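Report on the structure given below.
Residue numbers start at 1 and run along the sequence shown. All values derive from a computational prediction rather than experimental measurement.
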Amino acid sequence: MPQISSAKPFIEVLSGHRQPVPPIWMMRQAGRYLPEYRELRAKAGGFLDLCFTPEYAAEVTLQPIRRFNFDAAIIFSDILVVPYALGRAVWFEAGEGPRLDPLDTPEKVATLASTADFNKLEPVYAALRRVRTELDSHIALIGFCGAPWTVATYMVAGQGTPDQAPARMMAYRHPEAFARIIDTLVANSVQYLLGQLKAGADAVQIFDTWAGVLPPSEFERWSIEPARRIVEGVRRVVPDAKIIGFPRGAGALLPAYVGATGVDAVSIDWAAEPSFIREKVQNRVAIQGNLDPLALIAGGAALDRAIDDVLANYAGGRLIFNLGHGIQQETPIAHVEQMLQRVRAYKG
């Protein structure tokens, strides 16, 4: 009888091995579109209480795995836990998103601690350990951090803004002060990712949600270079660490990001141009993406066409099927099931 392989298809792709059926997971797959998430979220109280209660965070991480049997679970947390561990006040306003005490002047930046209190992040590691024991052997576990640029945009402004102008302005007017924020985030993100790998993560992802607002020279300085330093710092300790980058909106700058950072894969948004990605990016690293989350909400024939487009464009090479950004709250569960069925029926 043939032996059943315990290999993780998600990790196989990151290790250089194309899979006949692309492994699949979704960014924000543990979230508000699931009734079981909404129920636990209400029970937990505040959002950070949900993140920092290991049994809750582990349960939320596992909910979409139980329902959909994705090829990877991503630990439930938030990109702003590193500023929190650095001693910054972080809270979440209902319906409005994160709030922080803004670091909007060089004088305020000077008050930023250089080293995080990683005891504050122990609940994240505890949740990872808990999930690791419950996952089937073929399902990968992903840890993550926010990229320094994206995290810094929230730290400077104290909240999200439409084009993150406050951080961009500080980077122009006070580059040394801004560089201090970035350097602090690089050093502490390395340690945070190493802690997640030690706790059982198979791979980690660096989310640079706001990379696309930077012009090329600033992109190189504030997105590429910090990511390169994080990858280098992690691999100095864990040489074979599997790392995914997601510089959302990078477009034509993606090849430079891939070449400089050394990531094993890049996540691409739904606006990426397929032939460019195939010829300039996928020939070097694995691709993760890039279904439009709105197509997933639309469902029906439109969703089938959008799925088929992603597969036709990228499944000939190394592909991890995902969305171009996070799943949205109003997404019908039946549409997620439709997507899974169609991707898993692919014969490539």
Side-chain angles (χ1 to χ4, degrees), residues 8 10-11 14 25 27 30 47-62 65 72-88 90 98 100 112-135 139-152 154-155 181-209 226-246 261-265 267:
K8 299 176 171 70
F10 173 85
I11 298 300
L14 295 181
W25 69 283
M27 287 182 274
F47 178 76
L48 286 176
D49 296 313
L50 188 58
C51 291
F52 287 138
T53 306
E55 55 267 37
Y56 288 170
E59 171 62 21
V60 168
T61 301
L62 290 163
I65 303 301
I74 186 165
I75 194 65
F76 184 79
S77 187
D78 192 82
I79 65 169
L80 297 179
V81 297
V82 170
Y84 172 80
L86 284 165
R88 308 309 303 176
V90 179
L100 301 89
L112 178 63
S114 59
T115 305
D117 177 0
F118 286 96
N119 288 327
K120 290 184 173 180
L121 301 181
E122 176 55 35
V124 180
Y125 305 145
L128 278 157
R129 291 191 292 268
R130 185 181 285 247
V131 172
R132 175 81 280 160
T133 64
E134 296 198 35
L135 277 183
I139 299 174
L141 178 56
I142 307 169
F144 71 91
C145 72
W149 161 252
T150 287
V151 176
Y154 291 98
M155 293 176 75
I181 301 175
I182 295 292
D183 292 346
T184 300
L185 290 170
V186 166
N188 289 281
S189 296
V190 167
Q191 295 308 311
Y192 180 45
L193 293 180
L194 286 169
Q196 293 182 70
L197 290 166
K198 184 178 179 183
D202 295 299
V204 292
Q205 179 158 320
I206 303 169
F207 284 88
D208 208 351
T209 310
R228 183 196 67 75
R229 290 163 57 199
I230 289 175
V231 173
E232 184 182 78
V234 169
R235 293 218 177 110
R236 195 177 295 127
V237 180
V238 183
D240 61 347
K242 298 291 178 262
I243 304 174
I244 304 166
F246 184 25
T261 60
V263 293
D264 299 290
S267 224

Original post:
CD of Q205 to CD1 of I75: how many Å apart, nearest 0.5 Å?
Top reply: 14.0 Å
**OP:** Using a 4.5 Å cut-off on heavy atoms from C-beta on, say whether the side chain of V124 contacts that of C51.
**Re:** no
**OP:** Supply the atom-to-atom distance F52 CZ to D78 CG, rounded to the nearest 0.5 angstrom.
**Re:** 8.5 Å
**OP:** Supply the atom-to-atom distance L80 CG to R88 CZ, rounded to the nearest 0.5 angstrom.
**Re:** 12.5 Å
Original post:
What distance separates L14 CG from I244 CD1, expressed to the nearest 0.5 Å?
Top reply: 5.0 Å
Subject >> Side chains of V234 and L194 in contact at under 4.5 Å (non-hydrogen atoms) >> reply: yes
**OP:** Could you check if a side-chain atom of I142 sits within less than 4.5 angstrom of a side-chain atom of W25, using non-hydrogen atoms only?
**Re:** yes
Subject >> From NZ (K198) to CG (L128), nearest 0.5 Å >> reply: 13.0 Å
Subject >> pair T61-S77: side-chain heavy atoms closer than 4.5 Å >> reply: no
**OP:** Could you label the plane-to-plane angle of the F76 and F47 rings as parallel, tilted or perpendicular, counting under 30° as parallel and over 60° as perpendicular?
**Re:** perpendicular
**OP:** From the options V231, T261, T150, select the one residue that forms a side chain to side chain contact (heavy atoms under 4.5 Å, CB included) with I206.
**Re:** V231
Original post:
Less than 6.0 Å separating the ring centroids of F144 and F207?
Top reply: yes
Subject >> Over-ring placement of K120 relative to Y84, 6.0 Å and 45° cut-offs >> reply: yes
